[in-house]
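Working notes, beginning with the structure itself.
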Amino acid sequence: MNDCSIHTKPNAVLSSQAPIIGIDEVGRGALFGNMTVGAAILPDDLSGRFDEIDLTNTKISLLNDSKKLSEKRREQLFDIISDVALDYAIIDVPRAIIDEINIYQATMLGMRRAIETLIMKHGLSEKNTTILVDGNQLPSMVGGLGEYFKIHAMIKGDATHSSIACASILAKVHRDRLMIQYAKSYPEYLLDKHKGYLTARHKAAILEYGILPEHRRSFSPIRELYDQGFTNPNHW
């Protein structure tokens, strides 16, 4: 099984005595390419619920749920967050894993890898580390480094807590950049526009040119078309 790729902050130093790790994912519903999980550890004075923390005069004063921000604003914040975060982890779960174990398990795997990466890198202790995951599903940490850590699900966490919001932006911008690179190889599919999600233009391109190797074959309608042999002959 192809493994996940992992990106963290070079030369990161963790100064927080009670770190909070915010976790979010992007690309779960896309038809094309990887799904990405972001994890962020912010300085103590920047980490908290939006209704309990004042970010007005900070470098991340423009922070919000990544879905509510323009692409330009997300790009700006990506560089700022990368700089101010004590550390972060960005995990790419490839198409092959998604198709092998299904998207739910792939998402849980990506979240677990993100958590374990930061725990291992900094020798974090379950006694003073809190992990906040966007949504209502938590990865199983049984048998792993995070088995005894405090992990909490937070519905709409990317619009509620700054650490999750930062993780969301890191994951979103990172994956969008990958889709823009794919668009250079497959310009007729317009991946830089829809980022691999099912849109009318994406579906029209698939029906005209065929399925690419990076399309998720466990997803409908890709599964049905793949079973019919409807692949792009120029890329297989």
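In this text, all values refer to a predicted model and were calculated from it rather than measured experimentally.
- Screening residues 159-186 for ring-ring contact (aromatic ring centres under 6.0 Å, His included), with sequence neighbours left out, gives His7-His174, Phe32-Tyr182, Tyr186-His235.
- Ionic pairing of Lys68 and Asp158 is not present here: no N-O contact between side-chain nitrogen and carboxylate oxygen is shorter than 4.0 angstrom.
- Annotation: side chain of Leu124 is in contact with side chain of Pro19 (closest heavy-atom distance under 4.5 Å).
- Side-chain contact check for Asp99 and Tyr226: no donor-acceptor pair (N or O, by modelled atom type) lies under 3.5 Å.
- Considering only residues two or more places apart in sequence or on other chains, Tyr197 meets the side-chain contact (heavy atoms from CB on, under 4.5 Å) condition with Val26, Ala30, Arg175, Lys195.
- Inter-residue side-chain proximity for Leu63 and Ile169 is flagged as met; some heavy-atom pair is nearer than 4.5 Å.
- At most 12 heavy atoms of other shown residues, nucleotides or ligands fall within 6.0 angstrom of atom NZ in Lys193.
- Side-chain contact between Glu126 and Thr129 is absent, with no heavy-atom pair separated by less than 4.5 Å.
- Put simply, the side chain of Glu75 reaches to within 4.5 Å of the side chain of Arg177, judged on heavy atoms.
- Surrounding CD of Gln17 are at most 12 heavy atoms belonging to other residues, nucleotides or ligands under 6.0 Å away.
- Under the side chain to side chain donor-acceptor pair (under 3.5 Å) criterion, Asp79 pairs with no residue, sequence neighbours left out.
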Output a table of donor-acceptor pairs, distance under 3.5 Å, between side-chain atoms of residues 140-152 and any protein atom two or more places apart or on a different chain; print 'none' if there are none.
residue: Ser140; atom: OG; partner: Val142; partner atom: N; Å: 3.4
residue: Glu147; atom: OE1; partner: Gly143; partner atom: N; Å: 3.1

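- By the criterion of side-chain heavy atoms lying less than 4.5 angstrom apart, applied directly or through intervening Ile, Leu, Val, Met, Phe, Trp or Tyr residues, Ile180 is not grouped with Leu212; the two fall into different hydrophobic clusters.
- Within the structure, no pair that satisfies the ring-ring contact (aromatic ring centres under 6.0 Å, His included) test touches residues 111-143, not counting sequence neighbours.
- For Phe78, there are no ring-ring contact (aromatic ring centres under 6.0 Å, His included) partners at least two apart in sequence or on another chain.
- Using a 4.5 Å cut-off on side-chain heavy atoms (C-beta onward), Arg216 and Ile222 make no contact.
- The same ILVMFWY cluster, assembled from side-chain heavy atoms under 4.5 Å apart, contains both Val173 and Leu42.
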